[in-house]
Protein chains: 2
Amino acid sequence: MVAAEAGVTRSTVSRALNAERDVSAATIAHVREVAARMGYVPNRAAKSLASARSMAIALVIPEPGVLALADPHLVAVMAGVSRRIEDSDYLLNLMVAGDSENAKIMRYLTSGVVDGVLVASQHSRHDALLHLHDLVPVVFSGRPTEVTDPPNYFIDVDNARAASVAANHLLSLGRRRIATITGPEDMAAAGDRTDGWRAALVAAGLPADLVGVGDWTALGGAAAMRALLEAHPDIDGVFAANDVMAAAAVSVLLDAGRSVPSDVAVVGFDDSSAALSARVPLTTMSQPSEHTGEQMADLLLRILAGEDVPISTVVESHLVRRASA
Amino acid sequence: MVAAEAGVTRSTVSRALNAERDVSAATIAHVREVAARMGYVPNRAAKSLASARSMAIALVIPEPGVLALADPHLVAVMAGVSRRIEDSDYLLNLMVAGDSENAKIMRYLTSGVVDGVLVASQHSRHDALLHLHDLVPVVFSGRPTEVTDPPNYFIDVDNARAASVAANHLLSLGRRRIATITGPEDMAAAGDRTDGWRAALVAAGLPADLVGVGDWTALGGAAAMRALLEAHPDIDGVFAANDVMAAAAVSVLLDAGRSVPSDVAVVGFDDSSAALSARVPLTTMSQPSEHTGEQMADLLLRILAGEDVPISTVVESHLVRRASA
DNA sequence: TTGTAAGCGTTATCAG
DNA sequence: CTGATAACGCTTACAA
């Protein structure tokens with residue numbers, strides 16, 4: 001460590017640069033001055049090897065790149081995480097994990113380069129992530145697909161309840177043939193929303209038979225809507241599990257000559273930017289996406305600091321009325 | 001290293017796990033079997049400290065989080081990078097760098113945790129990145145704002161030429177009051193596009209006075225369009241420096257009662273997803289965004305492998321005609 | 001408050 | 001082909 005040319009030993013330099021304690025103020029100032037002048041940057045690998053901490057946190061998005069980043073909810077979660085981590089001492093590593101490189105990522109996450117892991121949007125096919133917490137603290141956004149023995153920390157809305165609220169709103173509008181466009185079947189949040197929608201219809205004495213499986217994307221949502229409409233032209237209400245699919249559904253409906261909301265009322269989920277840029281502004285279930293991200297980061301930071309935190313945190317969701325329903 | 005319990009020394013384990021050479025096939029098989037059984041994951045910090053390589057690459061997006069991820073061009077670049085890196089031995093670290101944490105990021109990039117850096121969307125206010133290549137190989141997407149002494153590697157379209165093509169297309173449509181909505185003034189690509197637009201108008205003997213400054217975002221594009229329209233109601237053509245702003249401009253025009261393209265013709269840039277989801281499908285200058293990402297990654301990988309590569313790589317752009325012009 | 005010295009978990013050099 | 005042994009650059013008791 002060349003900075004020892006400041007007239008002191010490496011230990012002192014280390015202390016001056018990090019601890020701020022057990023060193024005289026004068027030494028601190030001097031060492032820092034010299035370090036700055038020499039453009040010294042501590043080697044992070046050596047640092048974490050010696051201290052057994054990396055001061056880095058990984059945010060894992062287990063989705064093929066492009067897909068994930070087209071989802072405003074996920075992007076907002078990322079922004080929240082990023083903001084909260086920024087003003088901590090930790091550094092954020094964003095990893096968009098396509099299916100292929102899952103093993104690679106797992107190896108990375110367990111190799112000691114990160115002190116904690118944040119997982120957004122977990123699918124059941126990525127169940128390795130569920131057991132990652134044996135080796136490093138993990139916080140999920142969205143209920144994990146499986147309850148593990150030491151349970152996983154997570155932040156989520158009450159998806160089933162929120163979906164029921166959405167379905168009930170459509171019912172209160174007098175709709176009787178209410179379909180749902182779901183998220184991917186291997187995600188807990190998606191399943192919960194479908195369950196909530198079904199419960200509301202059943203409670204109203206209606207059959208819950210109109211289900212189109214989507215995948216959060218506009219393409220998937222449009223395809224589901226088209227199939228639904230063709231098989232059941234009498235549809236008069238749609239609850240889509242996110243705004244992106246809802247917006248796509250609105251497009252399909254309009255193109256098919258139906259008016260929204262008079263012929264078919266549509267409710268989305270997320271209250272994301274997609275809700276406002278849809279051809280008909282969407283009525284939707286709000287979800288504090290960015291706040292969720294901040295909460296995830298905050299929780300992890302606290303776990304890392306040794307605090308005790310609750311396993312699950314429920315964030316609020318409520319109906320936001322706009323033009324589509 | 002517990003795996004030494006396989007009956008050999010650490011050295012042999014290391015060789016068996018990495019090199020595949022200087023070890024007998026039998027030993028390799030045995031060691032790997034034991035390692036797998038024990039769930040052994042090499043410590044990455046120790047590894048890079050000893051080998052002086054991290055096998056990681058950083059992709060830096062020097063934009064405040066949300067902004068960047070709302071830009072389909074950037075997202076596509078990211079996807080391309082990600083794809084190319086995935087099937088290399090390197091690991092990708094995505095860092096969205098808000099203004100605040102610039103120093104933090106610079107320290108990270110120079111601390112030896114990454115072997116190379118990819119920079120998307122560089123602004124002149126982030127000029128520290130321009131000199132990063134003294135310490136670690138760097139490849140930019142988009143011409144850097146400044147020519148440094150050892151020059152920086154970059155991939156870009158010929159922005160000025162492409163902008164001229166766009167402006168000339170509007171001219172060929174008989175438009176005479178052609179405005180431009182620019183990108184942020186501190187980005188080279190944005191400036192080049194404005195220059196190209198200006199050159200075309202001047203060559204046609206027209207004044208190039210209608211300039212609205214945008215920032216790549218829908219909000220910025222809409223604001224610029226509104227201001228332009230108010231100050232110059234006679235506008236009959238608009239060249240927006242990206243599709244997102246072009247789409248926003250179309251919205252503003254329609255809401256102001258102008259029809260597109262009859263009253264005002266609009267040309268965008270990128271040929272991104274935004275071009276198709278605009279209220280009037282956009283005529284735009286294509287840019288192979290995802291390919292650009294792949295090229296960036298490829299170039300860096302080759303530099304890392306010790307190959308000689310060209311400083312600048314120009315990718316193709318051409319006019320894509322749709323409804324808006 | 002500062003120095004000394006022992007690691008941290010790997011790779012790499014050099015013998016054997 | 002394999003085993004010792006010395007780094008890698010830093011932190012951290014433990015002494016001084």
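A/Thr27 comes within 4.0 angstrom of the backbone, heavy atoms only, and of no base.
The number of heavy atoms from other shown groups lying within 6.0 Å of CD (A/Glu185) does not exceed 12.
In this structure, CZ of B/Arg44 is placed 18 Å from C1' of D/dG9, rounded to the nearest angstrom. Atoms CG (A/Asn43) and P (D/dA7) sit 18 Å apart, rounded to a whole Å. Spacing between atom CE of A/Met55 and atom P of C/dC8 amounts to 22 Å, rounded to whole angstrom units. Atom CD1 in A/Ile28 sits about 11 Å away from atom C1' in C/dT1, given to the nearest Å.
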Restricting to nitrogen or oxygen on both sides, can you table the protein-nucleotides 4-7 of chain C pairs closer than 3.5 Å?
from: C/dT4; atom 1: O4; to: A/Ser11; atom 2: OG; distance (Å): 2.8

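For B/Tyr40, taking side-chain heavy atoms from C-beta onward, the closest of the listed nucleotides C/dG9, C/dT10, C/dT2 is C/dT10. For B/Asn18, whose side chain is taken as the heavy atoms from C-beta onward, the closest listed nucleotide among C/dT11, D/dT2, D/dT11 is C/dT11.
Remark: B/Arg143 does not engage B/Asp156 in a salt bridge, criterion side-chain N to carboxylate O under 4.0 Å. A salt bridge does not link A/Arg84 with A/Glu294: none of the charged nitrogens is closer than 4.0 Å to a carboxylate oxygen. Classification of B/Asp115 and B/Arg53 as a salt-bridged pair fails, no side-chain N sitting under 4.0 Å from a carboxylate O.
Side-chain atoms of A/Gln122 come within 3.5 Å of backbone atoms of A/Thr145 as a donor-acceptor pair (strictly under, hydrogens ignored).
Comparing B/Leu49 and A/Arg53 against DNA chain D, the residue whose closest nucleotide sits nearer the 5' end is B/Leu49.
Counting only residues at least two apart or on different chains, no salt bridge (Lys or Arg N to Asp or Glu O under 4.0 Å) pair has a member in residues 130-139 of chain B.
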